[in-house]
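Read through the structure below, which is laid out as C-alpha cells, and then see the notes.
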There are 2 protein chains.
Amino acid sequence: MAAQRGQRNGVGDTPPAPTAAEITAPIPRVVAEVPAARERARAIPEAAVARLAVYLRVLSGMQDQGSGTVSSEELAVAAGVNSAKLRKDLSYIGSYGTRGVGYEVAVLIEEIERILGLTRKQSVAVVGIGNLGHALANYGGFPGRGFPVTALFDVDPDLIGVPVGGLPVEHIDDIPTICAEREVSIGVIATPPPAAQTVCDRLVEAGVQCILNFAPVVLQVPDHVEVRKVDLAVELQVLSFHVARRADNAAATNGVAPEFNGKVNGMVVT
Amino acid sequence: MAAQRGQRNGVGDTPPAPTAAEITAPIPRVVAEVPAARERARAIPEAAVARLAVYLRVLSGMQDQGSGTVSSEELAVAAGVNSAKLRKDLSYIGSYGTRGVGYEVAVLIEEIERILGLTRKQSVAVVGIGNLGHALANYGGFPGRGFPVTALFDVDPDLIGVPVGGLPVEHIDDIPTICAEREVSIGVIATPPPAAQTVCDRLVEAGVQCILNFAPVVLQVPDHVEVRKVDLAVELQVLSFHVARRADNAAATNGVAPEFNGKVNGMVVT
DNA sequence: TACCGCTTGTGAACGCATGCACAAAGTCGC
DNA sequence: GCGACTTTGTGCATGCGTTCACAAGCGGTA
C-alpha cells in the first residue's frame, strides 16, 4: 500500500522479476479470446485485489441490511473510492452488472469470493503467541467468512499445550509436520525479529505458500512463496513524516512559500 | 486510499493518489527553485517514505554492529530493494553520500530521522484496549527510537484505571481533553468496527492530525487529517488470492494454457 | 600531480494505475 | 413498441513510480 506494497517489493526482486510482463509483451494478443477464469485472474492488478477485499466487506454489510442491488456510485462511496475505479476493478473479474440498474449484491459477493479464493477455506497458522499472537488467534471469526486458524506455535515451554482461542499451542519444531498435516496454506509470523527468519524457513519447508509477516525483518524466501509485510514501526514513522511535513508547511505559509495554503484549513499554527 | 475516498493501506501495496494532487495539478511549476528542506519534503513520494523507515531500521542495526560506512548496494540488499531505487530514495532527502566510498551510517540515520520527524518525539494514544490494544500498548519501546505511548482509552468500566504497560486506561469520553492536554499527535484505533468512527471523531476533535486505523472501517475525516489503515482481513484475503491464482496457474500448465510456466518452480502440482 | 577505479546521483524511458468521458446496453414510462 | 433516462464497461490520456544506464565526482596510487 500505501504505501509500500507489502514486502512484495522487498524479497525476490533483486533479480528483476520477469513474472509476466515480459511474457505478455512480445505476444501481441493471441490467447485473449480464451478468457478462462484462471487466465483473467492473473491480470488483476495487486492494488485492485486489495480493494476487492474491501468491496467484499462493504457488500456483506449491505446484504445484512437487506440490499438487493447496488450502483457503482453507492458502493464506491461506501468503500471510499472513485466510482470509475470501482467499475474498472469489478471489470477485472467479469461483467456482472446490469446497465441502468447496478449490481446484484449477492452475485457480486459470490464472484469476489471466488476470485479471492475464499470458496475453499484457507487454513492459517500463527507463529509467536505473544500479545500480538493472542490477538490474531482470537481474531478467529473474521468479518464475513473466516480464515480458520488451525495451528498455533511458540517456543516458550510454559505456553506449549495451553489453549489459546480454543486451540493448543505447539512447539515451533513441529511446524513442518503439523503444517503439512493440516494443509496450512497461510502462515502468520508474529515472533520477535531474531526468530522470524528461522520460523519462516520452517513454514516454507512445510509447504506454506504465503506468509504474513509482522516481524520488522526482511524475510528471505524462495520465489514461489508470497510474503506480505505489516510493519507497525513503519506505519507510525510514515505518519510522523506527515506530522512533520504539515508543521513545516504551516511554518512556510507564514510568509515564505504561498503555494500550499489551499489545504491548510483551520489549524492553529503559531 | 485517502481521506473520504478511502484510507492509505499501510501495507503495501497500494500507493494511492495523495490529497495534494488537486493542488499541484492546477499550479504548473513555479516555486521549484527554492528547495528548502520543507519544500523538498513535500516532494518525497509516499512509497519512498515507507522505504526510508525500513532503511532507518537496517542502518540502526548496522550502526550497532559498528559499521561506519555503507554502499548503496549493501544497504539495498539488506533492505531487500533494488540499489537504484535506494539511491533515488536517498536523493529525495539530499546528497549525503561520497562517490567512490558510500554513505556514512551515522549521517544517514540522522538525516532520515530528521525527514521522518523523529527528532521531536511524537506522542501516541491507543484507543481500544482489547487483545490488539494490549499488544500495541506494550510495543512501547520500538526498535530504535520510540514513539512514546502517552494515553490509553477504552469504554469497558472494568478496564478504566487499570495500568497496561505502566499507563492507566482512561475513558474514551476523556479523549478530547486528555489528548489535547498531552499533545497527542498520532491516534491509534484498535476498537471494534462500530466504535471506530465515533472514536475517530473525538480524536480529530482533540486536534490529532494522524490516525492509524486497525478497525475494518472506512473512516470519514476532514481533509487535514491523515489516515493509514492496517486491515488484517484484507491482508489475508490478498494472500488467499495468491494461493488461488497459484493453484489455477499450476492447473493451467498441466495441458491447457502453456504461457505461464516460467515461474512455477518445483511445487508438486497433482 | 595525474590517472584509475569505484560509487553516487540523476536524466530519461518504461510500465502501471488512476481518472475522465463516452458509447453501449439495459430499464422504465407512456 | 418506442423514446428517454440511467448506469455499466472501457478506450484513452495523464501522472506517478520504478528501472536503466551513464556522467560526474571522489579517494587511492604511482
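Computed from a predicted model, the values in this text were never measured in an experiment. Below, chains carry the letters A, B, ... as their sequence lines are ordered, and counting in each starts from 1.
Annotation for A:F147 and A:V124: closest pair CB-CG2, 3.7 Å, computed over non-hydrogen atoms.
Under 3.5 Å, the side chain of A:R99 and the base of D:dT7 form no donor-acceptor pair of N or O atoms. Side-chain to base pairing of B:K88 with D:dT19: one donor and one acceptor N or O lie within less than 3.5 Å of each other.
The side chain of B:S72 places no N or O atom within less than 4.0 Å of a non-bridging phosphate oxygen (OP1 or OP2) of C:dT7. Within the 4.0 Å cut-off from OP1 or OP2 of D:dG17, not a single side-chain nitrogen or oxygen of B:Y92 is found.
Of the two residues near DNA chain C, A:V101 and B:Y103, the one whose nearest nucleotide lies more 5' is B:Y103.
Within 6.0 Å of CD in A:Q197 there are more than 12 heavy atoms belonging to other residues, nucleotides or ligands.
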TODO: Apply the test side-chain contact (heavy atoms from CB on, under 4.5 Å) to residues B:E104 and B:E110: give CA-CA distance (whole Å), side-chain angles for both, the deciding distance (0.1 Å), then the verdict.
DONE: CA-CA 10 Å; B:E104 208 168 322; B:E110 194 176 347; over 6 Å; no
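Look at CD on A:E104: it is 15 Å from P on C:dG26, rounded to the nearest Å. The distance from atom CZ of B:R87 to atom P of C:dA12 is 18 Å, rounded to the nearest whole Å. Between the CD atom of A:E74 and the P atom of D:dT6 there is a distance of 15 Å, given to the nearest Å. Atom C1' of nucleotide C:dT10 and atom CD1 of B:I44 are separated by 16 Å, given to the nearest angstrom. Summarising the geometry, the separation between NZ on B:K85 and P on C:dT7 is reported as 22 Å, rounded to the nearest angstrom. Atom CD1 of B:I93 is separated from atom C1' of C:dT10 by 16 Å (rounded to the nearest Å). Atom CD in A:E73 sits about 17 Å away from atom C1' in D:dC5, given to the nearest Å. A:Y96 has its OH atom 18 Å from the P atom of C:dA25, to the nearest Å.
Checking side-chain atoms of B:S60 against main-chain N and O of B:L56 turns up a donor-acceptor pair under 3.5 Å. Judged purely by atom type and a 3.5 angstrom limit, B:R246 uses its side chain to pair as donor or acceptor with the backbone of A:H224.
Nearest to the side-chain atoms of B:A47 among the listed nucleotides D:dT18, C:dT8, C:dT18 stands D:dT18.
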